Every structure is written in structure tokens, then in C-alpha cells.
Amino acid sequence: MAPANEPFFITTAIDYPNSRPHIGTAFEKIGADAQARFQRMKGREVHFLMGNDENTIKVSQRAAELGLEPKPYVDDMARQFKEVWSALNVSNTDFIQTSQSRHHIGCRKFIQAVYDAGHIFKKKYTGLYCNGCEAFKTEKELVEGRCPNHQSQELKQVEEENYFFRLSAFEDRLLDYYRTHPEFIQPESRLNEIMNLVESGLQDVSISRKGFVWGIPVPFDEDQTIYVWFDALLNYITALGYGSDDETLYKKFWPADVHVIGKDITRFHCALWPAMLMAAGLPLPKTVYAHGFVYNKGLKISKSAGTAIDPMTVYETFGTDPFRYYFLKECVFGSDGNFSEERFTELYNSDLANNLGNLYSRTISMCVRYFEGNLEGSSAIDPVDWAGDLNLGELADELDGLVSRFEYSQALQTIWSQVLDRANRYIQNTEPFKLIKTDREACKVVLANLADAIRVTGILLKPFLPDTAEIFYGAFNFEASAPWTSLDFTQIAKPSTGRADYQVTAALTDGKPVPMFPKIQPPPEKP
RNA sequence: GGCGGCGUGGCUCAGUGGUAGAGCAGCGGUCUCAUAAUCCGCUUGUCGUGGGUUCGAUUCCCUCCGCCGCUACCA
């Protein structure tokens with residue numbers, strides 16, 4: 001286990017701000033956020049980076065369409081993105097925009113270093129150029145030999161001198177790295193793809209373009225700007241101040257512990273990026289985690305097909321934690337998942353309303369109703385009954401492993417079956433509502449046990465459903481003996497000794513908690 | 001075409017060389033503390049197709065069918 005306070009650096013992919021985020025991008029951020037929150041609980045000092053990828057042709061085109069200069073446009077988009085991430089309770093500690101000067105400075109420093117090391121060379125590129133797009137087109141993009149966006153125009157054979165990165169020179173070193181660091185590419189299924197790719201031979205990649213004003217000028221040839229990936233990937237270090245006057249963060253957090261990315265950009269992160277770092281003589285990230293995609297009822301998310309779903313719509317309808325729960329539980333992080341309102345409703349009602357929310361309600365209600373919320377003398381009760389044969393220490397270990405490996409769905413399933421179902425069953429079996437009539441002390445023992453189950457739930461849900469977890473943990477005076485900010489999974493096994501008697505501190509309305517996940521009606525059947 | 005993966009009850013999936021499991025949905029029952037929630041029980045499967053290895057395969061091998069990923073610059 002990593003020592004406490006050891007730095008942990010986690011990143012997500014930077015997004016193109018030529019349109020608003022959709023639930024697929026949200027999936028990535030929530031998955032990364034759960035990991036960030038989990039690592040914080042383990043005592044790590046977490047730096048969690050997100051951001052937008054702004055130095056692209058499409059972005060400047062989009063800005064032009066709206067009659068805006070690129071910078072005000074990307075700044076406004078960044079504001080919108082941050083608004084969404086904030087609504088979803090994503091706990092990033094930094095948000096980089098690649099149009100920021102810190103990124104420009106670091107990029108120029110980096111490319112210069114790689115150039116000086118002799119891994120960049122100039123080469124003539126000949127390709128089909130579309131005047132309408134002001135960009136080169138590849139054979140694959142063409143429709144009947146013409147640009148799909150400008151069918152009326154002929155494409156021209158144009159020659160341009162660009163800078164190339166000698167990626168081909170790194171094949172052996174990359175393969176060697178994969179073999180000696182099998183954990184580098186995750187999940188494992190992606191490793192094979194990348195090994196194949198690299199074994200089949202890498203070509204040098206062009207890393208600059210001529211004649212663009214929006215972008216980062218190449219320091220050793222100011223007529224050229226740095227192109228796409230050689231610019232975008234660098235955000236991971238420029239955000240840490242690489243190449244600036246103050247490299248404190250860089251020294252502290254690089255290399256990254258994990259880059260969380262979409263499966264479609266695996267090769268850039270697992271082949272190009274490490275090669276770039278090797279070329280510059282910098283350390284490589286420890287792991288790259290490629291998550292799956294979210295589909296809309298089986299259809300690929302696409303703006304033009306109308307299958308994109310705005311996270312804010314879902315958020316406004318269902319709330320933050322239900323949103324997070326759906327994606328963390330229903331969509332296995334390393335695989336593809338599906339979104340549908342029907343499934344959302346099912347999962348919400350069964351897992352959140354019926355099991356989780358209701359356990360909270362019935363526990364608090366009984367404590368208030370029977371004991372005015374004061375479980376006097378409960379500090380002397382060892383709440384081991386509710387867990388039965390469940391070993392909470394082992395459960396903590398198991399969950400630690402699952403979450404560390406990004407197996408959130410499995411982790412949540414385990415929490416539900418091992419903790420919540422068990423606690424609900426415990427109520428059914430012990431019948432505190434009957435005990436109160438015959439044996440007040442025995443009833444109190446049961447309720448003290450349930451209070452402990454609430455405490456355990458609050459701790460275990462903290463990385464996934466932060467708001468809900470805090471409500472659970474705040475339901476009783478647990479805070480007095482183990483502060484909310486200092487919790488980690490291992491504490492589920494040890495209700496603090498020498499603690500005060502349990503006392504309900506939950507918010508009440510007319511002596512009852514307000515349902516935290518009011519059931520939602522299933523959407524009407526569509527004919 | 002090449003490399004890889006998948007195909008298990010209505011849905012989502014787990015799983016093992018000895019003739020299958022979970023959750024959800026559905027059905028029945030139950031308690032009454034609770035958001036008519038909980039808890040208990042039940043129904044459905046030729047484990048894609050055909051063949052092979054084996055005493056025996058859903059699990060190993062091959063064929064076929066279907067689906068999917070990667071095969072260089074879109075999360």
C-alpha cells in the first residue's frame with residue numbers, strides 16, 4: 001500500500017470544445033472522479049487534471065461560424081464544461097485550456113527539447129488539399145474523390161514542408177516497455193491491440209502545419225504551428241508547470257499515476273505519448289486506463305444522428321448522485337455501456353429508492369420514534385450483529401482492490417449485496433418494531449447495529465456518491481469520533497472505541513427524514 | 001484480408017471438465033419500522049450452429065452463423 005500523503009496524479013482526456021459535453025464524456029470524468037476521491041480517502045495527495053483541447057482547426061472554425069474570435073469562444077465553452085463537471089460533483093483540482101500561456105510555454109519548451117535531441121526532422125508532405133476546409137484530406141475522408149464538405153470544389157495536390165517526429169525509432173523501446181510494465185495499458189484487452197500496432201511498424205508522424213494563426217508556433221520555425229497530438233498530449237505536463245519558471249508541481253506529480261481516456265485514443269496515449277516522453281528524456285506515466293463508450297439505447301452517440309444526450313438534462317431530471325450511480329454501476333468502466341431512461345428509472349427505484357434510501361428512512365425513523373433519536377448507552381454496544389458472518393475488514397480489502405482496478409460496477413454490487421441487503425434483512429429478522437413493545441434494551445441493540453450499518457454505508461459510498469455518503473455519515477454523530485474528512489475504507493471494521501452514544505443528527509421533517517430518493521414513475525410506454 | 005474478443009433464462013451479466021448462477025423485471029406470499037418499501041418463495045434457459053477430444057463439455061479443439069474491437073492522426 002502506498003504511504004499516506006504520497007502524491008497521486010490522475011488525468012482525463014482533454015475535450016474538444018466545438019460542442020457541449022455529452023454523457024459519454026461525463027462517463028469518463030465520473031469514473032476518474034471516483035478514483036480521485038478513493039485515493040484521497042487512502043491519504044494520497046491527489047492532483048486531478050481535466051481540461052479542453054482548444055488549438056484545433058475545428059474549434060477556430062466553429063468560433064468563426066459564430067462570429068467570434070477563437071479565444072472568447074473557447075473561454076466560454078470552458079465555462080460551460082466546468083459548469084457541467086461541477087454539477088456532477090467532479091472534484092478536479094485543475095482545468096487546463098490549451099490556449100493558456102502555461103500550455104504554450106511548456107509545449108514550445110518540449111518540442112524544442114525533442115528537436116535538439118534530434119528526433120524531429122523536416123519533410124515534404126504531398127497531399128490533397130481542400131481550399132474550402134483549408135486542410136489536407138486523407139483518402140479515407142474523400143467522397144467520390146472530393147471533400148465531403150465541399151463537393152463542388154476540386155481537390156488540389158499540394159506540397160508542404162512539415163516537421164515530423166521520428167516515431168519509428170521508438171518501436172523497440174516501446175515494446176520493451178510494454179513487456180517490462182504489463183500494467184501500463186489497462187484494461188488488459190487493450191494491451192494486445194497496442195502490441196499489434198507497434199509490432200506491425202510505426203511510421204513517423206507529422207507534427208506541424210503551415211499557415212495557421214490559431215495554435216502554438218513551432219519555436220524553431222515560427223511559420224509553423226504544432227499539430228494536434230503533439231500539442232494535446234502535452235497538457236498533462238504543461239498543466240504541472242513543465243517548462244515554466246516554477247516546476248514544483250511537475251516535480252511533485254510527474255509521472256502521472258493514471259491517464260483515464262476513451263478507448264479510441266488508446267494508441268496516442270500508449271504509443272505516441274510514451275515515445276514523445278522518451279524522446280524528451282522524461283519519465284513515462286505509470287498506467288493508461290482506456291474506458292469504454294456509452295451508447296444511447298445501443299446507438300453510437302453522435303450529434304448529427306441526434307443521439308447525443310446532454311448530461312445537464314439527466315442531471316436536472318434525476319440529480320447528481322443518481323447520475324453518478326447509473327454510470328458507475330450500470331456501465332462497466334472498461335467496457336461499453338448503455339443509457340436509457342427506462343433502465344435509469346429501474347435502477348434508481350430498485351437500488352437507490354428501495355434499498356439505499358429506504359434503509360436510511362426506516363432506521364432513522366425508528367431511532368427517532370422509539371428513542372427520540374438518543375440511543376443512550378449505545379457506546380457500550382458492540383455492533384457486530386448486523387454484519388453476521390461478514391468480515392468487514394476483508395470486505396474493505398476486497399473493495400479496495402476492486403476500486404483500485406476501476407471495477408466500480410463490481411464494487412457497488414458488492415456494497416449492495418454485502419452491506420445494504422444485509423442490513424435490510426437484519427431489520428426483517430430482528431423486528432425492532434416488535435421488540436420495542438417487549439424488550440426496549442434489545443431494540444436499542446438492534447438500532448445501534450443499524451446505526452453502524454449506516455456509518456459503514458456512508459464510508460463506502462464516499463468515492464461514488466459523495467453527497468449521499470455525507471448524508472449517511474451525518475445521520476448520526478459519527479463525526480465526533482471520526483471526522484468525515486479523515487475516513488478510509490478500513491474504518492468500516494472499527495466503530496471507534498470510546499465513542500459517544502449514538503444520536504440522530506439527520507435532518508428531519510415532522511420527526512421523519514425526507515426521502516432522499518423519492519421514487520420516480522417509469523416513463524410511459526412508447527408505442 | 002490480418003490480429004483479438006463476444007454470443008448463457010424477458011433484460012444486464014457471472015461462471016465451472018461432471019448435465020447451470022446473480023441482479024433487475026414478472027408471479028405468489030409476508031411483516032408493518034419505512035419512499036405500498038422490506039423480507040421469503042417461485043416460473044422461464046436445447047449455456048449461437050455442426051462436429052471432434054473425453055467415461056462425461058456450457059466449460060478444451062475445429063467448422064459455420066451472427067455481433068463487435070483494433071488495423072495510424074474525432075470523446
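Since we're looking at a predicted model, the values are computed, not measured. Protein chains get the first letters and strands the later ones, always in sequence-line order, with residue 1 at the start of each.
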Open item on the list: Using a 4.0 Å heavy-atom cut-off, does A:Leu167 contact any base of the nucleic acid, only the sugar-phosphate backbone, or nothing at all?
Closed with: base
- [ ] Find the distance A:Asn424:CG to B:U38:P and express it as a whole number of Å.
- [x] 7 Å
- [ ] Output yes when a side-chain donor or acceptor of A:Glu330 lies under 3.5 Å from a complementary backbone atom of A:Phe344, and no otherwise.
- [x] no
TODO: Indicate, with a heavy-atom threshold strictly under 4.0 Å, whether A:Lys58 touches base, sugar-phosphate, or nothing.
DONE: nothing
Task: Any strand: nucleotide that pairs with B:C60 via Watson-Crick or wobble, under 3.5 Å - done: B:G52
- [ ] Between B:U16 and B:A57, how far apart are the C1' atoms? Round to whole Å, please.
- [x] 10 Å
Task: Nucleotide opposite B:C42 in a Watson-Crick or G-U pair, distances under 3.5 Å - done: B:G26
Task: Spacing between A:Glu199 atom CD and B:C70 atom C1', to the nearest angstrom - done: 14 Å
TODO: Please state the P separation for the pair B:G9 and B:A20 - nearest whole angstrom.
DONE: 15 Å
Task: Protein-nucleotide distance (A:Lys329, atom NZ; B:C11, atom P), rounded to Å - done: 18 Å
Open item on the list: Ignoring hydrogens and geometry beyond distance, is the side chain of A:Asn358 in donor-acceptor contact with the base of B:A34 at under 3.5 Å?
Closed with: yes
- [ ] For B:G18 versus B:G23, give the span between their P atoms, rounded off to a whole number of Å.
- [x] 23 Å
Open item on the list: Using a 3.5 Å distance criterion without hydrogens, assess whether the side chain of A:Thr320 forms a donor-acceptor pair with backbone atoms of A:Ala87.
Closed with: yes
Task: B:U58 and B:U49, which share atom name P, separated by this distance in whole Å - done: 10 Å
Task: Base partner of B:U19, which must satisfy Watson-Crick or wobble distances under 3.5 Å - done: none
TODO: Measure the distance from CG on A:Asn338 to C1' on B:C11 and round it to the nearest whole Å.
DONE: 11 Å
Open item on the list: Does A:Lys122, at its NZ atom, have more than 12 non-hydrogen atoms belonging to other residues, nucleotides or ligands within less than 6.0 Å?
Closed with: yes
- [ ] Specify the separation, in whole Å, of atom CG of A:Asp510 and atom C1' of B:U35.
- [x] 15 Å
Task: Pairing partner of B:A14 (Watson-Crick or G-U wobble, both distances under 3.5 Å) - done: none
Open item on the list: For a quick test of reading the model: is some side-chain N or O of A:Arg369 closer than 4.0 Å to OP1 or OP2 of B:A34?
Closed with: yes
TODO: Looking only at side-chain atoms of A:Pro515, point me to the closest of B:C33, B:U35, B:C3.
DONE: B:U35
TODO: Indicate, with a heavy-atom threshold strictly under 4.0 Å, whether A:Gln203 touches base, sugar-phosphate, or nothing.
DONE: base
Open item on the list: I need the CZ-C1' distance between A:Arg190 and B:C68, as an integer number of Å.
Closed with: 11 Å
TODO: May I ask you to say what A:Leu202 touches in the nucleic acid, namely base, sugar-phosphate or nothing, with a heavy-atom cut-off under 4.0 Å?
DONE: base
Open item on the list: On the nucleotide B:C70, are OP1 or OP2 found under 4.0 Å from the side-chain N or O atoms that A:Lys263 carries?
Closed with: no
TODO: Report which part of the nucleic acid A:Asn355 touches: base, sugar-phosphate, or nothing (heavy-atom distance under 4.0 Å, all strands).
DONE: sugar-phosphate
Open item on the list: Below 30° counts as parallel, above 60° as perpendicular, anything between as tilted: where do the rings of A:Tyr236 and A:His269 land?
Closed with: tilted
TODO: Could you tell me if the ring centre of A:His291 sits under 6.0 Å from that of A:Phe327?
DONE: no
- [ ] Consider the side chain of A:Gln428, meaning its heavy atoms from C-beta on, and name the nucleotide among B:G4, B:C39, B:G69 that approaches it most closely.
- [x] B:C39
- [ ] For nucleotides B:G45 and B:G10, find the distance between their P atoms and express it as a whole number of Å.
- [x] 9 Å
Task: Which nucleotide in B:A34, B:A37, B:C40 has an atom nearest any side-chain atom of A:Arg425 - done: B:C40
Task: Which nucleotide in B:A34, B:A72, B:U35 has an atom nearest any side-chain atom of A:Met516 - done: B:U35
Open item on the list: Once you apply a heavy-atom cut-off of 4.0 Å, does A:Tyr370 come out as touching a base, just sugar-phosphate, or nothing?
Closed with: sugar-phosphate
Task: Ring geometry between A:Phe517 and A:Tyr348 (parallel below 30°, tilted from 30 to 60°, perpendicular above 60°) - done: perpendicular
Task: Residue whose closest nucleotide on RNA chain B lies nearer the 5' end, A:Glu346 versus A:Asn429 - done: A:Glu346
TODO: Quote, to the nearest angstrom, the P distance that separates B:C27 from B:G66.
DONE: 38 Å
TODO: Between B:U32, B:C73, B:A37, spot the one nearest the side chain of A:Lys519, thanks.
DONE: B:A37
TODO: Please say whether the positively charged group of A:Lys329, taken as NZ for Lys or CZ for Arg, lies over the ring of A:Tyr408, i.e. under 6.0 angstrom from the six-membered ring centre and within 45 degrees of the axis.
DONE: no
TODO: Under 4.0 Å between any heavy atoms, over every strand shown, what does A:Asp53 touch: base, sugar-phosphate, or nothing? Just pick one.
DONE: nothing
TODO: Just compare B:U35, B:C74, B:A25 and give me whichever is closest to any side-chain atom of A:Ser350.
DONE: B:A25
Task: Complementary nucleotide for B:G66 - Watson-Crick or wobble, under 3.5 Å - done: B:C6
- [ ] Between B:C42 and B:C24, how far apart are the P atoms? Round to whole Å, please.
- [x] 15 Å
Open item on the list: Looking at A:Glu161, I'd like to know if its CD atom is crowded, meaning that more than 12 non-hydrogen atoms belonging to other residues, nucleotides or ligands lie closer than 6.0 Å.
Closed with: yes
Open item on the list: Check whether A:Phe121 forms a cation-pi arrangement with A:Arg166 (NZ or CZ under 6.0 Å from the six-membered ring centre, at most 45° off the ring normal).
Closed with: yes
Open item on the list: Heavy atoms only, 4.0 Å cut-off, all strands: where does A:Tyr360 land among base, sugar-phosphate and nothing?
Closed with: nothing
Open item on the list: Please report the distance, rounded to the nearest Å, between CD in A:Glu193 and P in B:C6.
Closed with: 13 Å
- [ ] Measure the distance from NZ on A:Lys512 to C1' on B:U32 and round it to the nearest whole Å.
- [x] 12 Å
- [ ] Determine the contact category for A:Ser365: base if any of its heavy atoms lies under 4.0 Å from a base atom, sugar-phosphate if only primed atoms, P, OP1 or OP2 are that close, otherwise nothing.
- [x] sugar-phosphate
TODO: Using a heavy-atom cut-off of under 4.0 Å over every strand shown, decide if A:Ala353 touches base, sugar-phosphate, or nothing.
DONE: base
Open item on the list: Work out how far the C1' atom of B:C65 is from that of B:G15, and round it to whole angstrom.
Closed with: 25 Å
Open item on the list: Both A:Asp15 and A:Glu330 contact RNA chain B. Which one's nearest nucleotide lies toward the 5' end?
Closed with: A:Glu330
